[in-house]
Number of protein chains: 2
Amino acid sequence: MSDDPERSDSRKSSIARELRRGSLELIVLHVLAAGEAYGYEIVTKLTRETDGALEVTDGTLYPLLYRLERAAFVVVRWDTPARGVPRKYYQLTDAGRMELDTLTADWFTFAAAMARLLGKAGSDDSHD
Amino acid sequence: MSDDPERSDSRKSSIARELRRGSLELIVLHVLAAGEAYGYEIVTKLTRETDGALEVTDGTLYPLLYRLERAAFVVVRWDTPARGVPRKYYQLTDAGRMELDTLTADWFTFAAAMARLLGKAGSDDSHD
DNA sequence: CAAGATATCTTGCATGACAAGCTATACGAC
DNA sequence: GTCGTATAGCTTGTCATGCAAGATATCTTG
């Protein structure tokens, strides 16, 4: 497709990259909460559904999925059809759902603190 | 005992730590936008004003301030009074103010994307 | 003097995002 | 056949940066 290395922002402004830290786990767990998915699917899904704002590369995702598996937040199911490339489906466990809740709460706490500091109440967009 | 080893995590919940990534620069620039400040002051100010939610340690702050200085986002002024420990005051430059604007916009973009993702009800899973 | 608060700076480690590279299967075009 | 592309997964190495821990120095108080 548009493999356009000339894009002025081909390299995320570096802030976006760092912002993703600590939120990616939450993001992926949230995607999985909607139903099982395989890695490649999560990558394309996130890129598309968030307009690239929360994009994740496979080089980032697979290690993350492995960490989630090791932490027992997800379980893995291989789907090896007669034809087609085998897919590794990830499914949330109860522990994963609890982790998702915790992380979601943490996120809202953090986002609220940021909103308070930056002086906006989010809902009201009165820009001064 | 005020010493509470059972506190699920002796260190910052690791997620909180990572969430600070990429937002700390914004936070500090924002504090400096309110007027010049010295390092130790920023540490105590942030801890107090955000109820610890956006706390930063001096071991984190000083290297950050140095990066900001090297990037010309701040200028430094030493205050060496006849009595009292010398203080290094940091002041925002025009470039720093522009960076603050950029980072603030980036933050709101990111926060909005997160809100959109997390706000989507799980019940509605009719994807394309 | 000793101890503590104030104030700055440095070293070393751990984490994790990401680019770049790799493997393998399926399928259409040649 | 085999080449190119899409799908699908995995691995290695690099870089940035948060933070603990420690060093240094000054001032104040007992």
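Order of the sequence lines fixes the chain letters, A, B, ..., with proteins taken first and strands second; residue numbering starts at 1 for each chain.
Applying the ring pair (Phe, Tyr, Trp, His ring centres under 6.0 Å) rule to pairs touching residues 76-95 of chain B yields B:Tyr38-B:Tyr89, sequence neighbours excluded. Listed by first and then second residue, the side-chain hydrogen bond (donor to acceptor under 3.5 Å, both in side chains) pairs involving residues 60-74 of chain B are B:Thr57-B:Thr60 (not counting sequence neighbours).
Distance check: B:Leu32 CG to B:Leu92 CG gives 6.0 Å after rounding to the nearest 0.5 Å.
Side chain of B:Thr47 to backbone of B:Glu55: no donor-acceptor contact under 3.5 angstrom is found.
At a threshold of 4.0 angstrom between heavy atoms, the contacts of A:Leu64 with the nucleic acid are absent. As judged by a 4.0 angstrom heavy-atom cut-off over every strand, A:Gly59 is placed among the base-contacting residues. Nucleic acid contact class of A:Arg87 (heavy atoms, under 4.0 Å, all strands): sugar-phosphate only. Using a 4.0 Å heavy-atom distance criterion, B:Tyr38 is classed as a sugar-phosphate-only contact.
Each of A:Thr60 and A:Arg21 has a nearest nucleotide on DNA chain D; the 5'-most of these lies closest to A:Thr60.
Evaluation of atom-type donor-acceptor distances gives no pair under 3.5 Å for the side chain of B:Arg20 against the base of D:dG18.
At least one side-chain nitrogen or oxygen of B:Tyr40 sits closer than 4.0 Å to the OP1 or OP2 atom of C:dT6.
The separation between A:Leu19 atom CG and C:dA17 atom P is 12 Å, rounded to whole Å. If you measure from atom CG of A:Leu68 to atom P of C:dT15, you get 15 Å, rounded to the nearest angstrom.
Distances were taken from every side-chain heavy atom of A:Asp58 (C-beta onward) to each of D:dC10, C:dT15, C:dT8; the shortest belongs to D:dC10.
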